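One structure below.
Ligands are counted one by one from 1 in listed order, and the atoms in each one are counted from 1 as well. Keep in mind that the numbers below use all heavy atoms, side chains included, and drop hydrogens, waters and symmetry copies. Just so it is clear, the structure is predicted and the values come from calculations on it, not from any experiment.
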Amino acid sequence: MSRIHPVYAAMAPTIFEHMSGLARAHDAINLGQGFPDETPPPDLIEAAARALAERSNQYPPAFGVPELREEICRFYARRQALELRPDQVIVTSGATEALAATILALVKPGDEVILFQPAYDSYAPMIRRAGGQPVSVRLTPPEWPYVAEDIERAITSRTRLLILNDPLNPAGKVTSEDELAIIAGTCLRHDLVAICDEVWEDVRFDGRSHRSLLDIPDMADRVVKIGSAGKIFGLTGWKVGWICASAELVSAIGRAHQFLTFTTPPALQWAVAEGLARPDAAFAPQREHWAASRAALTTGLDRAGFVVLPSAATWFLCVDLAASGIALSDRDFSARAVIEAGVASIPVSALIEGQGPQHILRLCFAKNVAILDEAVERLATFRETLI
Ligand code: PMP
Ligand code: GLN
């Protein structure tokens with residue numbers, strides 16, 4: 001009999017690990033896993049180095065250094081008009097740990113949790129490991145709308161939570177005000193807690209600021225908002241994230257967090273606190289750099305005959321392979337392109353449980369324009385061999 005928990009027994013490495021491994025093995029341009037290739041913000045690197053040299057290198061408090069918990073509240077007050085107190089914040093080792101702690105603290109055996117598909121890959125396994133049951137609600141390209149009837153149909157007497165990823169990875173969709181109202185209404189009617197994975201909140205290209213479900217009337221006590229410095233500053237390896245919620249939810253989630261990572265390297269926490277405190281103008285160069293890369297990849301793909309789906313956020317663009325005249329499934333295209341074209345990508349169907357589209361490819365544009373141009377040229381040449 002297997003000694004391994006059934007959730008992990010037949011589990012493969014994540015699609016991100018898998019594709020990055022193939023990219024390394026085939027010396028491919030990696031537009032799969034989401035990470036920027038730019039020089040990191042020098043002020044943050046300097047802040048982290050200074051904190052390592054001059055401040056504590058010992059365990060910080062389990063809920064995070066006070067400076068960072070305070071700056072997270074100020075950042076959200078300024079950017080999203082949220083009123084949060086530091087005792088409503090837990091610093092975590094990335095959003096991944098925030099999600100794990102929240103799910104372990106709130107999902108009880110037999111609970112059903114609504115997951116919108118496509119869904120970030122850690123949600124379902126963590127729900128199952130906690131004894132819960134993910135229940136899928138399918139979103140459909142190209143607009144990926146949240147449909148009230150579809151959500152209502154998925155709810156049973158066992159539904160306790162839903163997970164909303166807004167903006168949505170991989171689609172780059174931003175939840176509309178109407179959709180936020182639908183989701184909030186569902187939570188209120190059925191007494192659900194919403195875990196809001198908002199790691200992409202600050203990576204937007206529609207000129208609008210993020211509105212959290214937490215900000216919708218009557219939702220303050222039933223939303224767990226999760227953020228990540230990895231995305232805000234393009235420092236994915238730092239793994240500094242956080243949870244914001246009511247004091248009651250924070251206290252419960254803190255009990256799970258204290259036995260996962262317990263705490264997060266203090267130098268990185270202090271550096272992130274300094275980063276969040278920067279004036280808005282200090283964020284602009286990086287946002288402009290990402291916007292230029294996004295425009296370059298969109299134009300290049302378009303010229304080469306690839307149909308790019310509409311999006312407003314994240315470091316990703318999605319290509320509709322079928323609409324681009326390519327008969328391969330996203331998985332087949334991705335598996336072949338990394339070897340034959342030397343470009344790694346993510347098949348969106350790898351982030352969908354159950355039925356769903358099989359013809360959408362995700363590409364990360366947070367790279368230098370010259371690299372993106374080369375990737376498009378390689379993909380265009382590869383496409384010729386398919387048609
Ligand atoms: N949630 C979503 C939707 C993500 O896209 C990511 C990372 N790309 C994470 C969670 C994990 O974030 P972190 O690296 O801070 O753990
Ligand atoms: N979240 C990143 C992405 O969407 C990958 C993170 C990971 O590798 N687990 O590309």
Practice task
Please indicate whether any nitrogen or oxygen in A95 is less than 3.5 Å from any nitrogen or oxygen in ligand 1.
Solution key: yes
Handout entry: Flag for R211-T175: side-chain donor and acceptor within less than 3.5 Å
Key = no
Handout entry: E38-Q286 side chain donor-acceptor pair, cut-off 3.5 Å
Key = yes
Exercise for the section: Tell me, please: is W200 in heavy-atom contact with ligand 1, that is, under 4.0 Å? Expected result: yes
Problem - Distance in Å, E97 CD paired with T263 OG1, rounded so as to fall on 0.5 Å steps - result: 9.5 Å
Practice task
Indicate whether the side chain of R79 and that of H210 have a donor and an acceptor atom separated by less than 3.5 Å.
Solution key: no
Handout entry: Side chains of S136 and Q117, donor plus acceptor under 3.5 Å
Key = yes
Exercise for the section: Check whether the side chains of S349 and D330 place a donor and an acceptor atom closer than 3.5 Å, and report yes or no. Expected result: yes
Fill in the blank from the handout: In ligand 1, the atoms that come under 4.0 Å of a heavy atom of G94 are 15 (O), 16 (O)
Handout entry: Salt-bridge contact E340-R378 (side-chain N to carboxylate O under 4.0 Å)
Key = no
Practice task
Return yes or no for this condition: an N or O of K231 is under 3.5 Å from an N or O of ligand 1.
Solution key: yes
Handout entry: E97 and ligand 1 - part of the residue with a heavy-atom distance under 4.0 Å
Key = neither
Practice task
Mark the output for T14 as yes if a heavy-atom distance to ligand 2 is under 4.0 Å, and as no if none is.
Solution key: no
Fill in the blank from the handout: Atoms of ligand 1 under 4.0 Å from any heavy atom of N165, numbered from 1 in the order shown, are 3 (C)
Problem - Any R362 heavy atom less than 4.0 Å from ligand 2 - result: yes
Handout entry: Location of contacts on T96 toward ligand 1, heavy atoms closer than 4.0 Å
Key = both
Exercise for the section: Please could you name the atoms of ligand 2 that G34 approaches to less than 4.0 Å, counting only its heavy atoms? Expected result: 3 (C), 10 (O)
Handout entry: T236, portion touching ligand 2 at heavy-atom distance under 4.0 Å
Key = neither
Handout entry: is_close_aromatic(F116, Y146), centroid dist under 6.0 Å
Key = yes
Handout entry: side chain to side chain contact (heavy atoms under 4.5 Å, CB included), paired with L115, selected from L161, I127, V137
Key = I127
Practice task
Specify the protein heavy atom at minimum distance from atom 14 (O) of ligand 1: its residue, its atom name, and the distance to 0.1 Å.
Solution key: K239 NZ, 3.2 Å
Exercise for the section: Considering only non-hydrogen protein atoms, determine which one is nearest to atom 8 (O) of ligand 2 and report residue, atom name and distance to 0.1 Å. Expected result: Q33 NE2, 2.7 Å
Problem - For N169, atoms of ligand 1 separated by under 4.0 Å from a heavy atom - result: 3 (C), 4 (C), 5 (O)
Practice task
Could you tell me the residue and atom name of the protein heavy atom closest to atom 9 (N) of ligand 2, and the distance to it rounded to 0.1 Å?
Solution key: Y120 OH, 3.4 Å
Practice task
Would you check the N or O atoms of D197, main chain and side chain alike, for any that come under 3.5 Å of an N or O of ligand 1?
Solution key: yes
Practice task
Compute the centroid of each ring, for F75 and then for W242, and state whether the two points are separated by less than 6.0 Å.
Solution key: no
